[in-house]
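Worksheet: the structure to be examined is printed underneath.
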Amino acid sequence: MTDLAALQATLREAGQAHLCARLEGLAPPRRKLLARALEAIDYELVSELADLARTGSTPAVKTATPDLEPPALVPLRKEGRVAQDAERATEHGRGLLASGKVGYVLVAGGQGSRLGLDGPKGKFRVGPISGLSLFAYHARRLRKASDGGRVSVPWYIMTSPANDAETRAFFEDHGHFGLVPEDVFFFPQAMLPALDPDGRILLAAEDTPFLAPNGHGGLLTGLRSSGALDDMRARGLEHLSYFQVDNPLVRPADPLFLGLHARAEAGMSSKVVAKRDAGEKVGVIGRIDGKLGCIEYSDLSDELRHAKDDRGELRFRAGNIAVHALSVDFLDDVTRGNLRLPWHVAKKAMKVVDENGRQVERTGYKFETFVFDALALSEESVTLEVERAHEFSPVKNASGEDSPETARRDLLTLHAGWLAAAGADLPAADAFGLHPVEVDPLFAETGEEFAQRMPATPVIRDEGHHYDAP
Ligand code: UTP
């Protein structure tokens, strides 16, 4: 039961007195709703965020002129010792995968606002021919890693309160895509209130505070508070493969990456792709004042952006593709106390309800933490360069770059390349020069594997995913 007087005292003390008036102005049933939602908010945290909103900036996590260094990179071209190490690492990774020491972590709590879809982005039908959804693509890769059910492939999926029910229902409706239902663990991420430039909590409706997901960095504490970490321990998992929902080319069960990470006894590792050119606006993995992290494009001077190494490649080329490996011990260590990742503050126009109950657009601030900031906490880390065309083509925007169109194009191009390299006949190219072939992720994960498994015919079936892609 809500103690209204106590709640109002808390609100006044926290500089949120405007909400007292809102509470008083509501009829009892709605007042109860608002009171319950306000009670769930951590006001100590809100005070900290309010300071950020008032100054309108991200806290000084970096010095004014940070010392920036590229990471030690395991390069794409592996020669000599690097090639031998990679072979040993791949063997090691295969062992980890085959003995069920690896768990899979997907972040799918985002709002997908750029794509402009209602509902979970994972439902988006990305398969150019199959129409398979992003969730189905990922699930089939995990099914493949399960080696016909011989290895359990626990999958921890972070949703948000806004898409949790719909995500679970989608998995139910599709028989968990052939995975063991008990091995799929959903949990919603935490939400944070959005604040106005004076640090006051905004309302989305008269009886509802404006809440937004706390960023993919919320994964780490979420894995502990949801009980996922306990589940990982109970299953004897040692490493986690982290990926994002929007990349249909991701390889969650890559033995090389997992093997390199495990052999280095790394806490958290990253896969990167070479930037297309100095001007590509992506964050790069690198050292910031000695600590590993993601250097934002805007933080690199023109000179550093163009700087070359002794092989003539960009020094800062390690484009972050948000694919990581984490050891379960690392996750346990960093979330044991009060994990403090830096806040990233986004200023946005938000649809809110004003003092008079009218729908208006106001400037507000959203607060997120990012998973890559945990790299700074990892003593050892591997940064592995991979081929962009093989592993990265995210669906971010409704059109143009990183859109459904580019993801479908990249899938077709990659898979046609596998068929051609394996000596298969390709169907005629369409008007865009694309051959309409798609390889089921359950059949092969790489071109080499595809070639080995030929001539069996890969078949993609539409499993009846009823989702209207835009
Ligand atoms: P993005 O940064 O692309 O954000 O998320 P988004 O919310 O999906 O899309 P926009 O910016 O609104 O268009 C990268 C990955 O991190 C997850 C997303 O689901 C996606 O897999 N994510 C992001 C979360 O799980 N929680 C968050 O709070 C933010």
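Remember, it's a predicted structure, so these values are computed and weren't measured experimentally. Just follow the structure's listing: the first ligand is 1, and inside any ligand the first atom is 1.
With hydrogens left out, the protein atom closest to atom 25 (O) of ligand 1 is Gly109 N, 2.8 Å, a heavy atom. Distance from atom 20 (C) of ligand 1 to its nearest protein heavy atom, with residue and atom name: Val107 O, 3.8 Å. Protein heavy atom nearest atom 7 (O) of ligand 1, with residue, atom name and distance: Gln111 N, 2.8 Å. Protein heavy atom nearest atom 26 (N) of ligand 1, with residue, atom name and distance: Gln189 OE1, 2.6 Å. For atom 22 (N) of ligand 1, the closest heavy atom belonging to the protein is Gly110 N, 3.5 Å. What sits closest to atom 3 (O) of ligand 1 on the protein, heavy atoms only, is Lys396 NZ, 2.7 Å.
Both the backbone and the side chain of Ser113 come within 4.0 Å of ligand 1, counting heavy atoms alone.
Interface of Gln244 with ligand 1, defined as ligand atoms under 4.0 Å from a residue heavy atom, comprises 14 (C), 15 (C), 16 (O), 21 (O). Residue-ligand proximity, Met158 to ligand 1, at heavy-atom distances under 4.0 Å covers atoms 25 (O). Proximity to Ala108 (heavy-atom distance under 4.0 Å) selects the following atoms of ligand 1: 19 (O), 25 (O).
Taking the six-membered ring where the residue is Trp, the centroids of Phe443 and Phe450 are separated by under 6.0 Å. Between Phe170 and Phe177, a ring centre-to-centre spacing shorter than 6.0 Å is recorded. His344 and Phe367 have their aromatic ring centers separated by at least 6.0 angstrom.
Considering backbone and side-chain atoms together, Leu115 places no N or O closer than 3.5 Å to any N or O of ligand 1. Between Gly112 and ligand 1, at least one pair of N/O atoms sits closer than 3.5 Å.
For the atom pair CG of Asp402 and OG of Ser393, the computed distance is 6.5 Å after rounding to the nearest 0.5 Å. The SG atom of Cys294 sits 7.5 Å away from atom CD1 of Ile288, with the distance rounded to the nearest 0.5 Å.
Using a cutoff of 4.0 Å between basic side-chain nitrogens and carboxylate oxygens, Arg54 and Asp51 are scored as salt-bridged.
Cation-pi geometry between Arg305 and Tyr297 is met: under 6.0 angstrom from the ring centre, within 45 degrees of the axis.
A donor-acceptor contact closer than 3.5 angstrom is absent between the side chains of Ser327 and His239.
With sequence neighbours left out, Phe135 forms a ring-ring contact (aromatic ring centres under 6.0 Å, His included) with Phe171.
Closest heavy-atom approach to atom 1 (P) of ligand 1 among the candidates His216, Arg114, Met191: Arg114.
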